[in-house]
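First up is the structure itself, then whatever we jot down about it.
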Amino acid sequence: MKTHQLFIDGAYVDARSGRMFDKFSPSTGEKIATVHEALAEDVDLAVNAAANALKGEWGKMPKAVRCDLLMELANAIAARTPDFIEAEVADTGHTRHFAEKVEIPRGAANFRIFAEMLKHTGGEFYQMDTPDGTGAANLELHRPKGVIGVISPWNAPFLLMTWKVGPALACGNTVVVKPSEESPATATLLGEVMNSVGIPKGVYNVIHGFGPASAGELLTQHPKVNGITFTGETRTGEAIMKQAAVGLRDVSFELGGKNPAIIFADADMDKAIEVTMRSVFANTGQVCLGTERVYVQRPVFDEYVSRLKAGAEGLKQGGPETPGATIGPLISDEHRQKVLSYYAKARELGATVVTGGGVPEFDDARQGGFFVEPTIWTGLPEDSAIVKEEIFGPCCHITPFDTEEEVIAMANDTTYGLSATILTENLSRAHRVGGQIEAGLVWVNSWFLRDLRTSFGGSKSSGIGREGGVHSLEFYTERSNLCIKL
Ligand code: NAD
Ligand code: 6OH
């Protein structure tokens, strides 16, 4: 049984609140950890540690030295890969494959890429004429924004947390991280690695707890937090934005999605199945970028549905303890109830259940875990809740279409705008349709293919701002223009 303390000012400490909460294994339902819950006094200590660190060694460190230190950190994370994998899969129930191939390597890369980029970025310089003929010079200066509150979700905990901490630290900020209550382990472990490479104390702090009336809300309310970067549900983003309005703190939001996949009759069907098996079922559908609406051109509709059904039925359920498992459990019993409420609603609305729709039975420890069946529906109208609302489970609804115009309209008929995936072998169509999709990220013949230099984020209710590459630097730095009259 593990105990996760808070990490404040370079040290692991008990919460002053005296409050603890339990963490359960998604794949067996057993209790696996006790977690210290931060309340007002703890949050205050963490934020003050972060504010003080800005005035100390970290604040004075030359950019090149800071970036070298973050490169060392990336290497140290890579060297501890097995420990991070164990921590992540225990908290999330993810298959080892997903943690090994995607989550933990991306955690290290998130530090490396921004450290490299920062080393080579400069600022604007404009020479200016003046009436007296002597001229002036304008220089763009960059300063860290200050203390950044990082609030992260449980679906890819280490990847999504470091995606924010990496650029924040590269730009010279300090952070207070509030990981999801469902996934406290990897953020806590990272404190050890920060200390091992000599990141000054107070630069990286971790507080645990819940959202409302707990660590999350208290962090967003703290007056010494200068900016808030958040990944999670759209409704939580709205609550955080209200808190951030007090004191006019800047926000960067990566929120929910209801992402379409569009499969044209000219698509390579093997590719279409490979891509959408991942986009629908990877991480048990708990990926913000995942597909929950599939649109298939009528001539290939039946073939696609039967092949996706076969793929879904070929998945092997199990957590990290199950050899050869290809799809894990959901994160919690609470989330399972939410997903199952949509499974029930689909039946009530008269969907055709192509496969799944229920809870699997096991004769081993998995029976206590939070599994649901991979599920595919057809036959519902476009305005039904199943087609409109983010479910965040291993499921999709498939709708046939005839024309490009029709499918573009259906794909865009959503309050979200995070990602889309288009399958076609016709390059002109890829440009034509891809350019009309109202989403921050559009993939053609792929999904979740990430170049970390590109902008990442959503439009409409899927987010505010973009992170990635120089766009991250935009949020994590404060600019000033120094105008020197010559
Ligand atoms: P969530 O909004 O429930 O929680 C996210 C974090 O916010 C947690 O740490 C939680 O404790 C905290 N929180 C909750 N209420 C708060 C409040 N009032 N004040 C401050 N903090 C609060 O989201 P989740 O269930 O952990 O994650 C799943 C959601 O995240 C899905 O909607 C998914 O689409 C979205 N997501 C988006 C992206 C993206 O990049 N766009 C990436 C991953 C996940
Ligand atoms: C959402 O569940 C996954 C998001 C991925 C990223 O934020 C990323 O940077 O790849």
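All ligand and atom numbering here is 1-based and tracks the order in the structure. Hydrogens, waters and symmetry mates are skipped; everything else that's a heavy atom, side chains included, is used.
Taking a cut-off of under 4.0 Å to the non-hydrogen atoms of Asn155, the atoms of ligand 2 that pass are 1 (C), 2 (O). Of all atoms in ligand 2, numbered sequentially from 1 with element shown, those under 4.0 Å from a heavy atom of Arg450 are 8 (C), 9 (O), 10 (O). Residue Val287 approaches ligand 2 through these ligand atoms, each under 4.0 Å from one of its heavy atoms: 1 (C), 2 (O). Every atom of ligand 2 with a heavy atom of Cys288 under 4.0 Å away is listed here by number and element: 1 (C), 2 (O), 3 (C), 4 (C).
The aromatic rings of Phe230 and Phe253 sit perpendicular, their planes meeting at an angle over 60°, well past the 30° parallel limit. Under the 30°/60° scheme for interplanar angles, the aromatic rings of Tyr12 and Phe7 are found to be tilted. Between Trp377 and Tyr343, the ring-plane angle classifies as perpendicular under the 30° and 60° cut-offs.
Side-chain contact, Thr188 with Gln5: no donor N or O sits under 3.5 Å from an acceptor N or O. Using a 3.5 Å distance cut-off with no hydrogens or angles, the side chains of Tyr204 and Thr174 do not pair a donor with an acceptor.
Ionic pairing of Arg16 and Glu41 is present here: one or more N-O contacts between side-chain nitrogen and carboxylate oxygen are shorter than 4.0 angstrom.
Nearest residue to atom 5 (C) of ligand 2 from Phe456, Trp163, Phe392 is Phe456 (criterion: closest heavy atom).
For the pair Leu160 and ligand 2, the shortest N or O to N or O distance does not fall below 3.5 Å. Residue Arg106 has at least one N or O atom closer than 3.5 Å to an N or O atom of ligand 2.
The shortest side-chain heavy-atom distance between Met71 and Glu116 falls under the 4.5 Å cut-off.
In this structure, Trp163 has its ring center closer than 6.0 angstrom to the ring center of Phe114.
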Per-pair distances, ligand 1 N/O vs protein N/O, less than 3.5 Å:
unit_1   : atom_1 : unit_2 : atom_2 : d
ligand 1 : 2 (O)  : Glu233 : N      : 2.9
ligand 1 : 2 (O)  : Thr236 : OG1    : 2.7
ligand 1 : 9 (O)  : Ser152 : O      : 2.8
ligand 1 : 9 (O)  : Lys178 : NZ     : 3.0
ligand 1 : 11 (O) : Lys178 : NZ     : 2.7
ligand 1 : 11 (O) : Glu181 : OE1    : 2.7
ligand 1 : 23 (O) : Glu233 : N      : 3.4
ligand 1 : 25 (O) : Trp154 : NE1    : 2.9
ligand 1 : 26 (O) : Trp154 : NE1    : 3.0
ligand 1 : 30 (O) : Gly232 : O      : 3.4
ligand 1 : 32 (O) : Glu390 : OE1    : 2.6
ligand 1 : 34 (O) : Glu390 : OE2    : 2.6
ligand 1 : 40 (O) : Glu254 : OE1    : 3.2
ligand 1 : 41 (N) : Leu255 : N      : 3.2
ligand 1 : 41 (N) : Leu255 : O      : 2.7

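Among residues at least two apart or in separate chains, salt bridge (charged side-chain N to carboxylate O under 4.0 Å, His left out) pairs with a member in residues 455-469 are Lys164-Glu467, Glu438-Lys460.
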